[in-house]
Q: 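Have a look at the structure that comes next, please.
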Amino acid sequence: MRRSAGLLAAALVTLTACGTKAEVVTGGENGKGGTLTVLATSDFSHLDPARNWTMREMMFGSRLLYRTLTTYKAGSSEIVPDLATDLGTSSDGGKTWTFTLKDGLKYEDGTPIKAADVKHNVERSMAPDITGGPDYAKNLLVGGTEYKGPYDGEHLDSIETPDDKTIVFKLKRPAGEFSYTVTLPTFSPVPEAKDTKVEYDNRPFSSGPYKIEKYERGKELVLTRNEHWDATSDPVRLALPDKIHVKQGQDGDTITDRLIAGSGDDANAIGWLHVGQQSLSKILPNPQAKERLVTMVTGCTDWISFNTPKKPFDDPKVRQAVYHALDKEAIQTAFGGPNMAEIATAYLPPTMTGGAKQDVYAIPPAGDVEKAKALLAEAGVALPLKVKMTTTTTSNTTETAIQESLKKVGIEVELNPVDGAVFNDHSGDLAKADEMSVHGWCPDYPNGSSFLPPILDGRNVMPTGNSGNTAFFKDGEVDKKIDEIYTIEDPAASNKAWQELDSAVMRKLPMAPIAWAKRSFLFGKNVTGVANHPVWAAQPDYATIGVKKSS
Amino acid sequence: MILYTLRRLGAMALILLAICAITFSVFYLLPDDPALDACGKTCSPERLADVRHAMGLDQPVVAQFAAYVTGIFTGRTLGTTGLECAAPCLGYSWQYTTPVWDLLLDRLGASASLAAGAAALWLVAGVAMGVVAAVRKGTLLDRGIVLSALTMTSVPVYLIAALLIYFVILRSELLPYPDYQPLLEDPAAWAGALVLPWITLAALYAAMYIRLTRASMIETMAEPYIRTARAKGLPERTVVVKHGLRSTVTPILTIFGIDLGGLLAGAMITETMFGLPGLGKLTFDAIGKSDQPVVLGVTLLAAFFITFANLAVDLLYGVIDPRVRYT
């Protein structure tokens, strides 16, 4: 998942100071009942499981409306079987994956969920009209790249459904991480009879604990219980509220004010979006509001991409000099201060390393100017060194902080503002890109394969349109290591290997990590079980949220 | 009269076609690529080409425009899966996966309710205060009215809205947060959600109408026929309302037609701040999400309302003022 230039983000599983409430406070019988109100500024991007590829909507869809082959535990990046009976079994060296569906699974109309329905949704995600969804299936499955969807009667042979309970995926490469891949909404069931193609986005057919009673796009979504969902088959979703009412089209500041005041029905409400920096300054001094705030790093990392094929940043010493010169505290301030971001010291965010913050260089947060100057001298660079950095015409606070830091060591950074709409085109163009630009990455699932290969694999570098490997970094050793780690089937072992690769690449430093952004969410006093989810960009996990009867 | 009306309707159609062409080419020239926006976070060149084809963006701009205009009259079939967009097809919102026409119809109710209520308020208050100020020219009352009108025109609409939200809703809790419902479904919720937006918009517009009415009225009241009316011994009330106001109203009506026409297509800031599901809020979100078919549709609808209101006002002139009656 590429991060757009204007957004700045990052990660870590610190359930700390801001008062995360992981335990479910019971209201009625087992805390069930009531209506949860969600206050949102605008419509969902997509709820169609084949098109859903934004963290918030992925959380919402796969917690409430559809089940996937595997899913995450509540508030955790650990995966558990969901539709499937286990996390999948691999054969053929990790290139073939087989899942078996649980018995008795049903849709909202009581019809059984079949393996062919999961195959159908994966297929439709590759149709040209069904846009916006994750492309992992397309890239991993044999023949996926050429396949154009099921609507003209063609089917993908690399997905086999020998019976109603079994589904087999044949992949192009060994994929030890495939148990994580199938947490994506692409791997949820859509029965062909209910498939309204493009318009399925307006009314997905439920396999989860809730079904859509009413969806007026941009206005409101009302969810009621799906009576055919079987709680005993579901290890994660508590489905506490009887009803979930998403009110869209509210003003952002008004939402924060309403949640702070929390009067009337607003006591049963939660904000859909995280609160901004200015709203935080209203909430933090207010003790009764502050205890209704949960905060976590987002799981994304922001960094400076160096144009590595081009002088002067073809020399790792010069890149390291820049890294030592950075005043990361000033950059953190540009992000909105410690409430909005943590200082990043590696590519993989702490949400993907079990909380550990890897730090190869151990440079003081405000930088090491002497070491930076020494490295520049060692590299034989003539000072002042003049370089350009791409920025957008609308936002450049981070870039300005970087510019100030580098001035101290004799590097003069000229900012090159371009229209936000063409920022990625410009900085992803091998011929046009400036020497530096700020980028970031968010993983789609907590495994290094969703983070490091997209940003580091030199074989992905194209003449134009580079959105992951924005440093144009090509290193045969790294590419070889990536292929080796793909074949590791044990998730823990593969994550360890990805962390080692992270440290190894940090020494070469094609990109300089700067920040792990944080997000805070505010909720009403009757809302229970609110905890950020480390995988879905710190979004509160709707699997456990309930509403207490007001006293 | 009939010929005049027909000629005006013809001109209106041409204006709308021109606006459509201009807006269409502006979007075509923008650096933003709707296919890339729709395609997803990472998008291979082959996939992008498929998506562009499905959205019809691989056609030359002239062909796209022709298909768009034809679609308004005959409807269209879009995409590669046979997506129907019935006439009048003003394009398809890929963001909302809904035909633009349906979106516009759906949102028109809230915008029309807002515009009608606010217009009634500002027209009555603005004209009444303008007349009072003109008749009491030079008094403390006149100065008070003029000064408050000047203040209201200088205050940005988002400030008025923010102050109302803060004092009326948040501090004193006189009203709940607006939760708009259509008039026919829940009249109380409808009115409750609209009171503050009406006041916000009316405050802004009334100020202009006060100044306009006052200036025009002072001029009229100095006319010889007013002196004659007074000399005939008519009561001052009749002189002011029947003789003075009637000729003052013509220029006000012209402005009113344009203002109301524009507002019917949505008051972006007011609707956004009060969370009203109107055309203004739809446009605000569409711009944020580069949903160009929606922006194009709202632009056309706004142009239609303004030109239509203009025509209606011109035809009304004849009723109000016999001097400009068409023969």
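Throughout, a chain's letter reflects where its sequence line sits, starting with A, and its residues are numbered from 1.
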Q: So which of Val422(A), Thr254(A), Asp419(A) has the biggest tally of heavy-atom pairs under 4.5 Å with chain B?
A: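 Ranked by contacts with chain B, first place is Thr254(A).
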
Q: Looking only at heavy atoms and a cut-off of under 4.5 Å, which of Ala127(A), Pro134(A), Ala261(A) has the most pairs with chain B?
A: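 With the most close heavy-atom pairs to chain B, the winner is Ala127(A).
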
Q: Heavy atoms, side chains only, cut-off 4.5 Å: are Phe274(B) and Asp251(A) in contact?
A: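 When only atoms from C-beta onward are counted, Asp251(A) and Phe274(B) do not touch, as no gap falls below 4.5 Å.
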
Q: Within a strict 4.5 Å, meaning less than it, do heavy atoms of the Glu146(A) and Glu46(B) side chains meet?
A: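 Answer no - side chains too far apart.
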
Q: Are there residues of residues 279-287 of chain B that reach to under 4.5 Å of chain A by heavy atoms, and which ones?
A: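 Listed by number, the contacting residues are Lys281(B), Asp285(B).
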
Q: Does a salt bridge link Asp179(B) with Lys247(A), judged by any charged N lying under 4.0 Å from a carboxylate O?
A: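 Looking at Asp179(B) and Lys247(A), the cut-off is met.
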
Q: With a 4.5 angstrom heavy-atom cut-off, which part of Asp266(A) approaches chain B: side chain, backbone, both or neither?
A: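 The side chain, not the backbone.
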
Q: Hey, is NE2 on His53(B) packed in by over 12 heavy atoms from elsewhere, all under 6.0 Å?
A: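 Open: at most 12 neighbouring heavy atoms sit under 6.0 Å from NE2 of His53(B).
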
Q: Return the OH to CD distance between Tyr180(B) and Glu220(A), rounded to the nearest 0.5 Å.
A: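 One gets 12.5 Å once the value is rounded to the nearest 0.5 Å.
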
Q: So how far is it from Asp43(A) CG to Asp291(B) CG, rounded to the nearest 0.5 Å?
A: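 The CG atom of Asp43(A) sits 10.5 Å away from the CG atom of Asp291(B).
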
Q: Please classify the contact between Tyr200(A) and chain B as side chain, backbone, both or neither, with a heavy-atom cut-off of under 4.5 Å.
A: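 Neither part.
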
Q: Among Leu276(B), Leu78(B), Val51(B), which residue has the highest count of heavy-atom pairs closer than 4.5 Å to chain A?
A: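 Ranked by heavy-atom pairs under 4.5 Å with chain A, first place is Val51(B).
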
Q: Nearest 0.5 Å, what's the SG-CG distance between Cys39(B) and Asp135(A)?
A: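 Nearest 0.5 Å value for the SG-CG distance: 8.5 Å.
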
Q: Could you check whether any side-chain heavy atom of Leu83(B) comes within less than 4.5 Å of a side-chain heavy atom of Asp129(A), counting everything from C-beta outward?
A: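 No, their side chains stay 4.5 Å or more apart.
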
Q: Output the distance between atom CG (Asp257(A)) and atom OH (Tyr166(B)), rounded to the nearest 0.5 Å.
A: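 Spacing of CG (Asp257(A)) from OH (Tyr166(B)) equals 9.0 Å.
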
Q: Does any backbone or side-chain atom of Gln248(A) lie under 4.5 Å from a heavy atom of chain B? Answer side chain, backbone, both or neither.
A: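 Contact with chain B: none, neither part.
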
Q: Judged by modelled atom types alone, do Thr97(B) and Arg217(A) share a side-chain donor-acceptor pair under 3.5 Å?
A: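 Arg217(A) and Thr97(B) do have a side-chain donor-acceptor pair below 3.5 Å.
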
Q: So, for Ser263(A) and Glu173(B), which heavy atoms are closest and what is the spacing to 0.1 Å?
A: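 Distance-wise, the nearest heavy atoms are OG-OE2, 4.2 Å.
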
Q: When only pairs under 4.5 Å are counted, which of Lys197(A), Lys138(A), Gln250(A), His46(A) shares the most heavy-atom pairs with chain B?
A: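 Looking at each of Lys197(A), Lys138(A), Gln250(A), His46(A) in turn, Lys197(A) comes out on top.
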
Q: Evaluate the side-chain proximity of Ser42(A) to Lys289(B): yes if any heavy-atom separation is below 4.5 Å, no if none is.
A: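 They are in contact (side-chain heavy atoms under 4.5 Å apart), so the answer is yes.
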
Q: Taking Met126(A)'s backbone N and O only, do any of them form a donor-acceptor pair with Arg47(B)'s side chain (distance below 3.5 Å, no angle check)?
A: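 It does hold such a pair.
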
Q: Is the number of heavy atoms from other residues, nucleotides or ligands within 6.0 Å of CD (Gln278(A)) greater than 12?
A: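 For Gln278(A), atom CD is not crowded (no more than 12 foreign heavy atoms under 6.0 Å).
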
Q: Using side-chain heavy atoms (C-beta onward) and a distance below 4.5 Å, is Val198(A) in contact with Tyr92(B)?
A: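 Yes; the side chains approach each other to less than 4.5 Å.
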
Q: If you look at every heavy atom in Asn202(A) and Tyr96(B), which pair is closest and at what distance?
A: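 That closest heavy-atom pairing would be OD1-O, 3.3 Å.
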
Q: Which bit of Arg52(B) is near chain A, if near means a heavy-atom gap under 4.5 Å: side chain, backbone, both or neither?
A: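 For Arg52(B), neither part sits under 4.5 Å from chain A.
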
Q: Look up atom CG in Asp265(A) and atom OH in Tyr177(B), then write down how far apart they are to the nearest 0.5 Å.
A: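 That separation rounds to 13.5 Å.
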
Q: Show, in sequence, the C-alpha distance, side-chain angles and deciding distance for Asp106(B) and Glu216(A), and conclude whether the side-chain contact (heavy atoms from CB on, under 4.5 Å) test is met.
A: CA-CA 9 Å; Asp106(B) 184 46; Glu216(A) 289 190 54; 4.1 Å; yes

